Amino acid sequence: MNLLKRYNPQEAEKKWSEYWEKEKLFSFKPGSKMYTIDTPPPTISGTIHIGHAFSYTQTEFIARYKRMKGFSVFYPFGFDDNGLPTEKFVENKRKIKAKEIGREKFIKLCLEETKKAEEEYKKIWKSLGISCDWSLLYSTISEKARTMSQLSFIELYEKGREYRKQAPTIWCPECHTAISQVELEDKEFNSTFNDVLFETEDREKIVISTTRPELIPACVAIMVHPEDKKNKHLIGKKVKVPLMDYSVEVIADSRADPEKGSGIVMTCTFGDQADMEWWKAYNLDLRIIIDKEGKLNEKAGKFKGLSILEARKKILEELKEKNLLKEQRPIKHNVNVHERCGTPIEFLVTKQWFIKYLDLKEDFLKAGEELNWFPSFMKHRFDNWIKGLQWDWCISRQRFYGIPFPVWYCKKCGEIILAQKKDLPVDPLKDSPKKKCKCGSSDFVAEKDVLDTWATSSLTPLINANWKGSSNFDKKIFPMNLRPQAHDIITFWAFNTVVKSLLHTKKVPWKDIMISGWGLDSKGKKMSKSKGNIVTPQEIIEKYSADALRYWASSINLGNDAPFQEKDVQTGQRLITKLWNASKFSLMNLEGFDGKKPKELEVMDKWILHKFNEVTEKMNSHYDVYEYGKAKTALESFFWNDFTDNYLEAIKDRIYNEEKRGKNSKASAQYTLEKILLGTLKGFAPIMPFISEEIFQLYFTKKEKKKSIHISSFPEFDKKLVNKNSFDSGEKAVEIISKVRKFKAEKQLSMKAEIELTLEKETQQKIGKALDDLKAVCNAKITTGEFKIKTI
RNA sequence: GGGCUCGUAGUUCAGUGGUUAGAACGCCACGUUUACAACGUGGAGGUCGACGGUUCGAUCCCGUUCGGGCCCACCA
């Protein structure tokens, strides 16, 4: 036993990590008692920070706890390695543009780079001690995921849930690509509100205020509120669009706010979401004047070729010249921009694939009811999102690196041709349909779009359950016990997974959903490369240890965000040192102990067993509702305050002075020490797996007949250990000890200094046989009388 | 504007309808004690964001309000 050595976390963590892998400790074996986890696949975007370590270790605490509770834990790992974030990562890393080097070459590079990045991610996750089964690794671009994602597409098409339609898309003119709503953010701009004069067919001048005069050539209607006294006489009239030679109709719609500007709105295709709703609702003309490069096209007449900002300037000049610009007021307003480049987005109309689901809102809300939410209030976000849904799910993206649609179109008749299920996965650009079209033609056009990555990542429970279409999959794995994830993607990942699961299996995908917060920088701000405030897990692991980092992550209540403070990691490191030292003391004094329970246990021993039993009960009930932080706090406080500060001090006399105190009293201490140390290590094992394994392996492997603490059994509450009398005696003794310590500290005495301690008869009776331990700890002579402490 | 959430010691956070509101870090004093100076013992430090209400009693429950955060909507 090498107990004199100081604990070296770097060495030990590497050693145990390799050991666990070699022993295949965490490999999943299906059994009768299973616990299945739908692990979030991190997006491959090149940046890993401490926030990732924060949320992934929280799942990990649960996985390790459940394993020790005897569950066969299904804990796969995955990567979300396609889609725009990955494309951007590869473009930046290789300093290329996807459009410039072409589809095929770009995909090749993406596959290369994601493979490299994944190895890096894997290394970090392993160094964190994440106990997933790496043989279950999945990736959303893998053949299996491509097959299932395409299968999902085909099945939903067959169910009549999918349609393809010309529709407005969010478009970034800077990046020349369609983007999704998730990729938008708000940015405040200084702008001007321009009062422009329009003229009705009967020569009435009306004022319309706009921040986007360049969209005047895209005007397709004018809206006023039906109850607007000032303006309702305009309804149904034709209005000439300034600078243009066409007219539009005035329509009544309650979404026009009479109090805003002049109360009259110009509807363009498209300036914002409201325009789209109006366009849809009134079947308006389509006048798209902005092209994919962000320039005005021929529909803008003489403004063709100008960029958006040039056109704005030019049109305002002309309006001024013609006296059609009544007033300009500076305003500040928020505009949706693309998060990657900060460019205000535009809406273009393109053909897209959709999943129809607005009719299923009630079912989705019901599904939310069926799930157990931890913490419960997170469910509100899910409900709130569903209630606010207004659009079907657009699942097509005009990108290169993603899962292709298994779809061709007949050149002759336009028929949609789907791939055969048995041929999946297919790449329509390389493969061809096996049969001729109904019309007899075999001339096809491949669908070039790729699927939204959420359309695939929403299948993770099905991918992991080896779903094969219809309801054919491993019912032991699906539905899963737990979906762990952070709160920012409740509306995306959690919601989309519920959608797909209901559509394919009519079941909710999990029993429980555990929502974690974010790990933030020390000021409580999100970590990002551009802000330069990233702290990586690697640097913290190197400087301290993975256990200490995990300690920090365990100290936050479920669902809360956590600013990263190095001092919290230091506290974890201190706990590790304390555990090592306390174990060193214990193991040194367990040498020669025969492991047998002595006939009678001493009072202080029964006291600590009782206390640990209480802690055990708490830990179990906290873990069962995913409150790992509370479990850790309970154990930590027991370990530090009761076990090391009081118990270890109390038994020293019995251990060191066997001849004076008797053989039984030493054996009693040893028996208890062994029990409590083992229990404490097990309790800490899910949070700090390395230090607990290190100490376990020094002494307990043979005793427990387990090759690792992580497959030993978690402490359980034991009725037999409840002992109210000994508990009361012990508490009283500890109370007196702390009074004595205070006395000595105030008198500036050494803790070893001898004193005379006067205790009332009643107190002495209450403390009972623990009085001998107390005497030794306090180095006191006991006399009887009114409570008093005196130096000698 | 809507939903949720947070506001407690210098800092980061626990916590409960009921004596005197806790921990860690930091600070101060003392102590070398055979697990631990990578430490121990003790101490100082709070109007529980503000205002009302319910209650015998509110940091906790209810209402209003102020301030921070997240999500959504708006952004003519």
Side-chain angles (χ1 to χ4, degrees), chain A residues 3-4 6-7 181 186-189 191 193-194 196 208-212 215 219 222-223 255-257 260-268 271-275 278 331-336 344 375 377-385 387-390 486-492 517-518 520 522 524-526 552 555-557 559-568 570-589 629-630 633 636-637 640-641 644-645 648-649 652 655-656 737-738 740-753 779:
Chain A
L3 290 171
L4 297 174
R6 214 163 96 184
Y7 176 62
Q181 209 183 328
D186 277 3
K187 198 167 157 186
E188 196 176 69
F189 280 91
S191 182
F193 218 16
N194 305 288
V196 179
I208 296 183
S209 306
T210 177
T211 54
R212 299 206 56 188
L215 288 179
C219 180
I222 306 280
M223 298 290 161
R255 277 168 288 193
D257 179 358
K260 201 161 178 176
S262 60
I264 308 172
V265 189
M266 128 182 130
T267 305
C268 307
D272 62 27
Q273 298 266 350
D275 286 341
W278 280 325
I331 57 157
K332 273 187 180 174
H333 67 166
N334 285 324
V335 175
N336 275 332
F377 67 80
M378 290 292 183
K379 179 173 173 290
H380 294 295
R381 298 200 186 184
F382 182 84
D383 291 351
N384 197 31
W385 168 256
K387 287 174 190 158
L389 268 181
Q390 295 198 10
H487 52 58
D488 56 328
I489 51 172
I490 289 174
T491 54
F492 298 97
W518 284 336
L520 306 168
S522 62
K525 297 278 169 220
K526 238 170 147 172
W552 163 67
S555 304
I556 279 84
N557 271 3
N560 286 5
D561 293 343
F564 177 75
Q565 316 250 19
E566 204 162 322
K567 71 178 176 66
D568 295 333
Q570 285 164 354
T571 305
Q573 197 61 40
R574 240 167 48 91
L575 176 61
I576 291 163
T577 304
K578 190 77 176 175
L579 258 171
W580 178 254
N581 287 326
S583 302
K584 190 162 99 178
F585 169 82
S586 306
L587 298 188
M588 266 166 25
N589 292 302
K630 286 175 184 161
T633 305
E636 187 181 13
S637 135
W640 211 297
N641 304 325
T644 68
D645 285 357
L648 292 187
E649 293 304 321
K652 276 180 181 169
I655 283 185
Y656 294 147
I737 291 169
S738 104
V740 170
R741 282 174 176 162
K742 188 171 172 179
F743 173 84
K744 289 183 180 177
E746 277 167 1
K747 295 266 187 239
Q748 308 196 341
L749 293 170
S750 153
M751 286 296 135
K752 233 165 72 175
N779 192 18

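Throughout, protein chains are lettered first and strands after them, A, B, ... in sequence-line order, and every chain is numbered starting at 1. Computed from a predicted structure; not experimentally measured.
With a 6.0 Å cutoff to the six-membered ring centre and a 45° limit on the axis angle, K584(A) does not count as a cation-pi contact of Y7(A).
In this pair, W552(A) and F564(A) present their aromatic rings perpendicular. The plane angle is above 60°, beyond the 30 to 60° band.
Among the atoms of the strands shown, base atoms are found under 4.0 Å from some heavy atom of T644(A). Residue contacts for W640(A): at a heavy-atom cut-off of 4.0 Å it reaches the sugar-phosphate backbone alone, with no base atom in range. Within 4.0 Å of D645(A), counting heavy atoms only, lie sugar-phosphate atoms of the nucleic acid but no base atom. Within the nucleic acid shown, N336(A) comes within 4.0 Å of at least one base atom, counting heavy atoms only.
Distance from the side chain of W518(A) is smallest to C70(B) among C36(B), C70(B), A14(B). Closest to the Q565(A) side chain, of the nucleotides A14(B), U11(B), C13(B), is U11(B). Checked against G40(B), C4(B), C36(B), the side chain of H380(A) finds its nearest nucleotide in C4(B). The W385(A) side chain lies nearest to C72(B) when the options are G15(B), C36(B), C72(B). Minimum atom distance to the side chain of K742(A) is reached by G42(B), of the listed U41(B), G42(B), G69(B).
Across all strands shown, G40(B) forms a Watson-Crick or G-U wobble pair with C30(B), both key distances being under 3.5 Å. Base pairing annotation: C51(B) forms a Watson-Crick or G-U wobble pair with G63(B), both donor-acceptor distances under 3.5 Å.
In this model, the phosphate group of G15(B) is approached by a side-chain N or O of N557(A) to a distance below 4.0 Å at OP1 or OP2. For A14(B), the OP1/OP2 oxygens have a side-chain nitrogen or oxygen of N560(A) closer than 4.0 Å.
Taking atom P on both nucleotides, U5(B) is separated from C74(B) by 24 Å, rounded to a whole Å. Comparing the C1' positions of C70(B) and C28(B) gives an interatomic distance of 40 Å, to the nearest angstrom.
When each of R255(A) and G388(A) is assigned the nucleotide of RNA chain B bearing its nearest heavy atom, the one mapping closer to the 5' terminus is G388(A). Toward the 5′ end of RNA chain B lies the nearest nucleotide of S555(A), the other residue of the pair S555(A) and L648(A) mapping further downstream.
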For a quick check, with a 4.0 angstrom heavy-atom cut-off, what is the B/S/- contact string for nucleotides 20-33 of chain B, read 5' to 3'? ----SS---SSS-B
